[in-house]
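Numbers here are sequence positions counted from 1.
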Amino acid sequence: MSILRRRKASETEKASKEDTHKETKYKGVEDEKKDKISKRKVEEKKKKWSCIDSCCWLIGCICSIGWFLLFLYNAMPASFPQYVTEAINGPLPDPPGVKLQKEGLTVKHPVVFVPGIVTGGLELWEGHQCADGLFRKRLWGGTFGEVYKRPLCWVEHMSLDNETGLDPSGIRVRPVPGLVAADYFAPGYFVWAVLIANLARIGYEEKTMYMAAYDWRLSFQNTEVRDHTLSRIKSNIELMVATNGGRKVVVIPHSMGVLYFLHFMKWVEAPAPMGGGGGSDWCAKHIKAVMNIGGPFLGVPKAVSGLFSAEAKDIAVARAIAPVFLDKDVFGLQALQHFMQMTRTWDSTMSMIPKGGDTIWGNMDWSPEEGYACNPQRQRNNETQVAGQSGTEGLSYPKRVNYGRIISFGKEVAEEHSSKIERMDFWDAVKGNNLGNTTCRDVWTEYHDMGWGGIKAVGDYKAYTAGSILDLLHFVAPKMMKRGDAHFSYGIAENLDDPKYNHYKYWSNPLETKLPNAPDMEIYSMYGVGIPTERAYIYKLTPAAECYIPFQIDTSAEGENEGSRLKGGVFSVDGDETVPVLSAGFMCAKAWRGKSRFNPSGIRTFIREYDHAPPVNLLEGRGTQSGAHVDIMGNFALIEDIIRVAAGATGEELGGDRVYSDIFKGLGSLILWETVDGVSEEDMHFSLLPGLGEMNKLI
């Protein structure tokens with residue numbers, strides 16, 4: 001029995017073992033299937049690489065590389081970039097301050113810096129709820145962090161009142177005081193810092209240097225009305241002269257600061273309450289020299305495109321590439337509209353509208369820059385020439401370009417003779433509020449009040465010169481120009497003794513005001529040349545959209561050859577990339593040269609041009625020979641000239657005029673002989689070039 005039981009038990013055990021083996025085998029198969037499925041899912045996940053993954057990966061790589069480079073930059077010795085640069089290019093020259101210190105130059109005349117538009121810092125003193133936590137934080141300049149964090153709040157606080165041109169209710173934004181106001185525009189991007197550092201090398205410090213910071217958004221007279229800025233500049237200059245042994249100041253304005261200080265010189269002499277009550281000899285007693293850097297004395301065409309369509313050359317290209325983000329209501333951005341809404345409240349921008357009309361800037365068929373070639377081979381001309389010489393030898397005149405037409409609707413309009421252009425006056429056009437729907441009202445611009453009839457009429461007028469530009473801006477932006485008309489003027493004075501020119505609206509226009517009675521004072525015009533600079537534009541009407549700016553630079557308009565002056569819808573002439581030579585140099589080369597009705601006391605004037613040379617490599621930064629509008633502030637030759645004058649030198653001791661452009665030959669004399677369409681030289685001179693006769697009457 002026991003044997004039988006053992007057999008049955010062993011059979012039962014065998015069966016259970018077989019069952020267990022089968023179950024184990026089945027489980028193994030199931031596990032293998034699960035593993036295969038899981039592996040398949042993992043592989044599928046690896047294959048699925050979304051656009052978001054790519055973006056995150058790219059951002060991660062950029063951040064990692066950036067942090068690594070920043071670590072290397074901070075870890076390397078301070079002299080390493082200089083060592084590498086010297087290894088590539090040879091020994092670097094001493095900075096001007098070091099060089100002149102070795103020559104024995106020391107502090108003599110106090111210096112006053114007058115910054116230009118946008119380069120001075122602005123900080124918040126009072127704001128709305130969205131700006132909580134920003135008290136005395138920079139809204140303009142520095143890192144611009146608030147632009148990214150709360151862009152609409154930033155636009156609201158940077159805008160001025162559209163009716164008064166002053167602070168909106170509940171908002172106070174004020175200029176940053178001291179040298180830090182404009183030493184750097186943003187971290188690593190210098191404006192005045194290099195000049196200040198070089199002046200410090202020969203002994204200058206804060207008691208002998210003063211930054212005349214002001215709110216560059218306001219009209220010039222309103223800086224006095226709101227902040228008493230002009231009075232403070234007057235007091236500080238008087239203090240510096242009194243505490244430095246009676247030595248007069250050297251004033252160094254840059255860009256729009258040139259116009260601001262021109263306004264100041266008339267304000268300080270004028271009787272109160274409109275002026276500062278300093279008397280007619282105040283400038284003679286307190287100012288040794290005014291060294292204007294990149295001065296837009298006669299305005300800049302770039303201001304026209306900025307006010308008309310919130311564009312310049314670079315923005316026009318970006319607008320053509322990415323219209324979704326700049327023009328249309330995508331994610332509520334409408335960036336260009338917000339920018340236009342904000343900048344059209346800044347009255348200072350209207351100070352740079354071209355002055356002198358067609359007489360200075362040319363008409364439909366003439367302009368003083370005709371014959372300019374985009375890549376001219378210039379030779380330095382150090383001879384001091386008398387304005388009025390008519391030498392045109394050596395100049396080549398390629399195909400005619402109508403620079404006088406600052407705005408043309410269509411390339412064919414820009415190139416056609418004026419007699420073949422059919423134009424329709426826009427003043428009689430019927431305006432109507434049918435441009436955009438109600439969703440656009442939060443970014444309202446005056447284009448919303450024009451209607452399609454008004455917009456079409458602007459295009460049908462075809463071409464606008466400096467004279468008709470004012471009519472155009474009055475038509476498309478009447479509220480803005482109403483404020484502008486109260487503070488600025490753009491004409492040429494027939495009789496400077498007329499009492500009307502005692503009003504402050506004329507003080508920043510050198511063609512409608514006299515220089516101070518200060519025969520011992522010197523005025524310098526210092527600017528870069530050799531860079532294509534915006535002079536005229538080809539426009540087109542933009543396609544219909546809910547919220548947009550209806551006019552746009554036509555970036556598809558190109559010249560016929562590589563050396564053409566037309567690129568991306570923009571005609572260029574010689575200048576510093578922002579200010580054409582005509583605007584920067586004409587007053588000192590012609591209208592102020594010697595005794596004239598604009599310069600009755602015969603203040604000596606000097607032209608100092610700086611031929612642009614870009615940096616050789618990235619380690620040179622923005623270069624030491626740049627002629628660009630802002631980068632010129634680091635130009636060693638310019639800094640050396642300024643330090644020498646501050647240390648006591650005169651214009652003659654600097655070498656007089658230093659000229660690379662045709663400011664004396666081609667522009668200063670404004671004589672251009674050329675035969676066009678069979679018209680004789682003499683007939684063309686008096687018929688097609690009416691501006692020349694008027695120009696000669698200026699002096």
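With sequence neighbours excluded, no residue forms a ring-ring contact (aromatic ring centres under 6.0 Å, His included) with Tyr204. Taking Phe144 as the reference, Trp140, Phe185 meet the ring-ring contact (aromatic ring centres under 6.0 Å, His included) condition, with sequence neighbours excluded. Checked against ring-ring contact (aromatic ring centres under 6.0 Å, His included), Trp192 has the following partners two or more places apart in sequence or in another chain: Phe113. Listed by chain and number, the residues in a ring-ring contact (aromatic ring centres under 6.0 Å, His included) with His254 are His629 (sequence neighbours excluded).
Ring centroid separation for the pair Trp592 and Phe297 comes in under the 6.0 Å cut-off.
In this structure, Ile632 and Ile293 have side chains that are in contact, with non-hydrogen atoms separated by less than 4.5 Å. At a threshold of 4.5 Å between non-hydrogen side-chain atoms, the residues Pro510 and Leu262 count as touching. Side-chain contact check for Thr349 versus Leu307: some heavy-atom pair is nearer than 4.5 Å. Considering only heavy atoms from C-beta on, Thr208 stays 4.5 Å or farther from Val111 through its side chain. When side chains are defined from C-beta on, Arg593 counts as touching Phe664, because their heavy atoms get closer than 4.5 Å. You'll find the side chain of Glu238 reaches within 4.5 Å of the side chain of His286, heavy atoms only. Thr605 has its side chain out of reach of Ser525: every pair of non-hydrogen atoms, C-beta onward, lies at least 4.5 Å apart. Using a 4.5 Å heavy-atom cutoff, the side chains of Val570 and Thr555 are not in contact.
Proximity of a side-chain donor or acceptor of His109 to a complementary backbone N or O of Lys248 within less than 3.5 Å is detected. A distance-only check finds a donor-acceptor pair linking the side chain of Asn635 to the backbone of Ala637 [under 3.5 Å]. No donor-acceptor pair closer than 3.5 Å links the side chain of Ser255 to the backbone N or O of Gly257. Counting only distance, with no hydrogens or angles, the side chain of Glu558 and the backbone of Gly568 share a donor-acceptor pair below 3.5 Å. Judged by distance alone, with hydrogens and angles left aside, the side-chain atoms of Asn509 form a donor-acceptor pair with the main-chain N or O of Leu511 at under 3.5 Å. Formation of a donor-acceptor pair under 3.5 Å by the Tyr524 side chain with backbone atoms of Gly651 is found in this model. Proximity of a side-chain donor or acceptor of Glu609 to a complementary backbone N or O of Ser661 within less than 3.5 Å is detected. A donor-acceptor contact shorter than 3.5 Å links the side chain of Asn198 to the backbone of Gly97.
Atom CG in Leu654 sits 9.0 Å away from atom CD in Glu640 (nearest 0.5 Å). One finds the CD1 atom of Ile117 at 10.0 Å from the CG atom of Leu259 (value rounded to the nearest 0.5 Å). Here the CG-CG distance, from Leu239 to Asn244, works out to 8.5 Å after rounding to the nearest 0.5 Å. Here His263 contributes atom NE2 and Ser351 contributes atom OG; the two are 11.0 Å apart, rounded to the nearest 0.5 Å. Atom CZ in Phe190 sits 10.5 Å away from atom CG in Leu195 (nearest 0.5 Å). Once rounded to the nearest 0.5 Å, the distance linking OH of Tyr189 with OG1 of Thr119 reads 10.0 Å.
Side-chain polar atoms of Tyr610 and Asp641 form a donor-acceptor pair below 3.5 angstrom. Residues Thr223 and Tyr260 bring a donor and an acceptor atom of their side chains to less than 3.5 Å of each other. With no hydrogens or angles considered, no side-chain donor-acceptor pair links Ser572 and Arg565 at under 3.5 Å. Defined by atom type and a distance below 3.5 Å, a donor-acceptor pair is missing between the side-chain atoms of Thr533 and Glu577.
A salt bridge is defined here as a Lys NZ or Arg NE, NH1 or NH2 lying under 4.0 Å from an Asp or Glu carboxylate O, and Arg535 with Asp574 fails to meet this definition. Between Asp347 and Arg217, no side-chain nitrogen of the basic residue sits less than 4.0 Å from a carboxylate oxygen of the acidic one, so the salt-bridge criterion is not met. Using a 4.0 Å cut-off between a side-chain N of Lys or Arg and a carboxylate O of Asp or Glu, Arg604 and Glu522 qualify as a salt bridge. Ion pair Lys99/Asp94 not flagged as a salt bridge, since none of the NZ, NE, NH1 or NH2 atoms sits closer than 4.0 Å to an Asp/Glu carboxylate oxygen.
Residues Ser367 and Val401 approach most closely at OG-O, 4.3 Å, considering heavy atoms. Shortest non-hydrogen contact noted between Asp215 and Pro175 is N-CG, 3.8 Å. A pairwise comparison of heavy atoms in Asp576 and Gly294 identifies OD2-CA, 4.0 Å as the closest pair. When all heavy atoms of Ile538 and Ala557 are compared, the closest pair comes out as CD1-CB, 3.9 Å. Between Met265 and Pro516, the shortest heavy-atom distance links the atoms SD-CG, 3.9 Å.
The salt bridge (Lys or Arg N to Asp or Glu O under 4.0 Å) contacts involving residues 186-214 comprise nothing, where partners must be two or more places apart or lie in separate chains. For residues 288-297, there are no salt bridge (Lys or Arg N to Asp or Glu O under 4.0 Å) pairs, not counting sequence neighbours.
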Set out, in order, the CA-CA distance, both residues' side-chain angles and the distance that settles side chain to side chain donor-acceptor pair (under 3.5 Å) for Ser305 and Glu311, then state yes or no. CA-CA 6 Å; Ser305 63; Glu311 290 178 292; over 6 Å; no
For the pair Glu652 and Phe606, evaluate side-chain contact (heavy atoms from CB on, under 4.5 Å) and give the outcome as yes or no after the intermediate values. CA-CA 9 Å; Glu652 284 84 1; Phe606 299 95; 3.8 Å; yes
Could you walk me through whether Glu103 and Arg644 pass the salt bridge (Lys or Arg N to Asp or Glu O under 4.0 Å) test, one step at a time? CA-CA 11 Å; Glu103 291 183 17; Arg644 288 189 183 279; 3.2 Å; yes
Start with the C-alpha gap between Tyr214 and Val114, add the side-chain angles, then the distance that decides, and say whether side-chain contact (heavy atoms from CB on, under 4.5 Å) holds. CA-CA 9 Å; Tyr214 61 99; Val114 186; 4.1 Å; yes
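For the pair Arg608 and Tyr527, the cation does not sit on the ring face, since its NZ or CZ is not both under 6.0 Å from the ring centre and inside 45° of the axis. Taking the ring axis of Tyr210 as reference, the NZ or CZ atom of Arg232 does not stay both within 45° of it and closer than 6.0 Å to the ring centre.
No option in Arg138, Lys137, Arg136 other than Arg136 meets the salt bridge (charged side-chain N to carboxylate O under 4.0 Å, His left out) test with Glu123.
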